[in-house]
Amino acid sequence: MNRCKKITILVCVLLTALNIAACGQVKKDEAVNTEESATSQQESNAPTVESTDSDIKEDETVKVDESSASQEESDMQMGENLDSEMTTEELLDLFINGSISAISSTDLTSTFYITDLNMDSYSIGEKVDLDNDGENELILCGPYGGIYLDARDNKVYEFAAGDGASFELSYVVYNGATWVMYSNRMHTGYESYHMEKFEGADNLVAEMNFSEELVDEDNVEGEEKYTLNGTEISYDEYFELCSKIFAAEVTTD
């Protein structure tokens with residue numbers, strides 16, 4: 001082989017080696033660029049995920065805050081309603097719903113909610129003007145005639161209540177007015193009745209007492225006496241009075 005051919009072959013080998021080296025560098029650069037692109041994409045996505053989690057937590061916090069604000073607003077409205085003058089119907093309905101309590105008739109420092117009562121024994125009755133003031137009272141039907149409730153001065157009060165077999169509660173429309181009546185029929189040969197008429201629950205304007213009892217309580221077949229407001233009356237007078245009253249009596253047990 002002559003000198004010129006050898007030189008030509010060496011030049012070709014050198015060029016081939018240079019091409020191979022250049023191709024390897026290009027592929028390496030492409031691989032680096034690909035890795036950098038992937039890393040950049042991951043970094044770009046990371047804030048988005050963090051942002052999404054943050055947005056969810058923020059939305060949950062806003063919902064909790066809105067719920068708390070709604071409850072506070074409801075409580076404030078209830079307080080404002082009680083501070084402002086409310087109607088009798090509204091107050092009695094609030095008691096029925098368990099939102100407010102009633103003040104005891106025997107102790108003005110004592111109160112009770114409807115949930116304090118055994119509602120297996122009590123039931124919601126009618127609303128009737130029991131105290132002749134033009135506004136209705138609420139009847140809770142129950143043992144011994146239940147409980148009558150009055151609303152005034154933006155509060156609910158226990159107006160009347162049955163108290164055992166010797167104090168059974170009912171009401172009567174008599175002589176053009178409504179009377180609250182307590183009955184005692186627990187002893188054989190003895191009956192007594194006490195009636196009260198109001199003009200407003202805190203304004204008692206009239207009372208009536210009538211009874212029948214044995215002259216000799218040991219003799220159940222013996223003579224009876226009849227009284228009206230402490231004065232003895234005849235059987236006919238007593239019978240006429242009882243006929244009118246009991247015909248108009250409404251029991252609430």
Side-chain angles (χ1 to χ4, degrees), residues 102-108 110 112 117-118 121-152 157-253:
I103 298 171
S104 171
S105 60
T106 56
D107 181 1
L108 297 181
S110 177
F112 63 91
L117 303 174
N118 181 2
S121 300
Y122 288 90
S123 62
I124 306 299
E126 297 180 291
K127 291 177 181 176
V128 180
D129 184 9
L130 299 169
D131 62 2
N132 307 291
D133 66 350
E135 295 184 339
N136 289 335
E137 281 67 52
L138 172 65
I139 295 173
L140 294 181
C141 300
Y144 310 113
I147 301 171
Y148 300 165
L149 296 167
D150 177 63
R152 62 185 187 276
Y157 292 83
E158 182 184 66
F159 171 48
D163 188 16
S166 63
F167 222 56
E168 293 189 6
L169 181 63
S170 61
Y171 71 91
V172 178
V173 178
Y174 175 69
N175 284 347
T178 302
W179 297 64
V180 175
M181 182 165 76
Y182 299 95
S183 304
N184 180 356
R185 303 186 184 95
M186 64 181 301
H187 299 299
T188 301
Y190 176 80
E191 294 181 0
S192 68
Y193 306 91
H194 174 72
M195 293 173 58
E196 298 176 343
K197 183 175 76 170
F198 292 82
E199 293 179 359
D202 55 352
N203 184 26
L204 177 63
V205 295
E207 296 181 83
M208 182 186 302
N209 295 285
F210 55 100
S211 64
E212 64 173 280
E213 59 184 308
L214 292 168
V215 174
D216 181 358
E217 61 182 21
D218 294 327
N219 181 7
V220 295
E221 301 296 331
E223 184 180 355
E224 293 180 324
K225 67 176 182 180
Y226 310 92
T227 60
L228 172 62
N229 295 328
T231 300
E232 190 168 345
I233 58 176
S234 68
Y235 168 79
D236 291 339
E237 291 173 316
Y238 184 81
F239 180 81
E240 182 180 0
L241 174 66
C242 289
S243 296
K244 291 179 181 178
I245 289 174
F246 296 135
E249 181 187 15
V250 179
T251 58
T252 53
D253 50 12

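The figures here come from the full heavy-atom set of this structure, side chains too, leaving out hydrogens, waters and symmetry mates. Nothing fancy with the numbering, it's 1 onward along the sequence.
Sorted by first then second residue, the ring pair (Phe, Tyr, Trp, His ring centres under 6.0 Å) pairs that include residues 205-233, not counting sequence neighbours, are Tyr193-Phe210, Tyr226-Tyr235, Tyr226-Tyr238.
The line from CD of Glu224 to CG of Asp216 is 12.0 Å long, rounded to the nearest 0.5 Å. Here CD1 of Ile147 is found 5.5 Å from CD of Glu158. Values are rounded to the nearest 0.5 Å. Taken from CG in Leu228 to CG in Leu241, the straight-line distance is 6.0 Å, to the nearest 0.5 Å. Note that the OH atom of Tyr148 and the SG atom of Cys141 stand 7.5 Å from one another [nearest 0.5 Å]. Put simply, CD on Glu126 and CD1 on Ile139 are 6.0 Å apart, with the number rounded to the nearest 0.5 Å. Here NZ of Lys197 is found 12.0 Å from CD of Glu207. Values are rounded to the nearest 0.5 Å.
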* **Test side-chain contact (heavy atoms from CB on, under 4.5 Å) applied to Leu204 and Phe198, step by step** => CA-CA 4 Å; Leu204 177 63; Phe198 292 82; 3.8 Å; yes
* Could you walk me through whether Ser170 and Glu249 pass the side chain to side chain donor-acceptor pair (under 3.5 Å) check? -> CA-CA 7 Å; Ser170 61; Glu249 181 187 15; 2.8 Å; yes
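For the residue pair Ser243 and Glu240, no side-chain donor N or O sits within less than 3.5 Å of a side-chain acceptor on the partner.
The environment of CZ in Phe239 is sparse: at most 12 heavy-atom neighbours from other residues, nucleotides or ligands sit within 6.0 Å. When the shell of 6.0 Å around CD of Glu213 is examined, it contains more than 12 heavy atoms from other residues, nucleotides or ligands.
Cation-pi contact between Arg185 and Tyr190: absent, since separation from the ring centre below 6.0 Å together with deviation from the ring axis within 45° is not met.
The aromatic rings of His194 and Tyr182 lie parallel to each other, their planes meeting at an angle below 30°, with 60° marking the opposite boundary.
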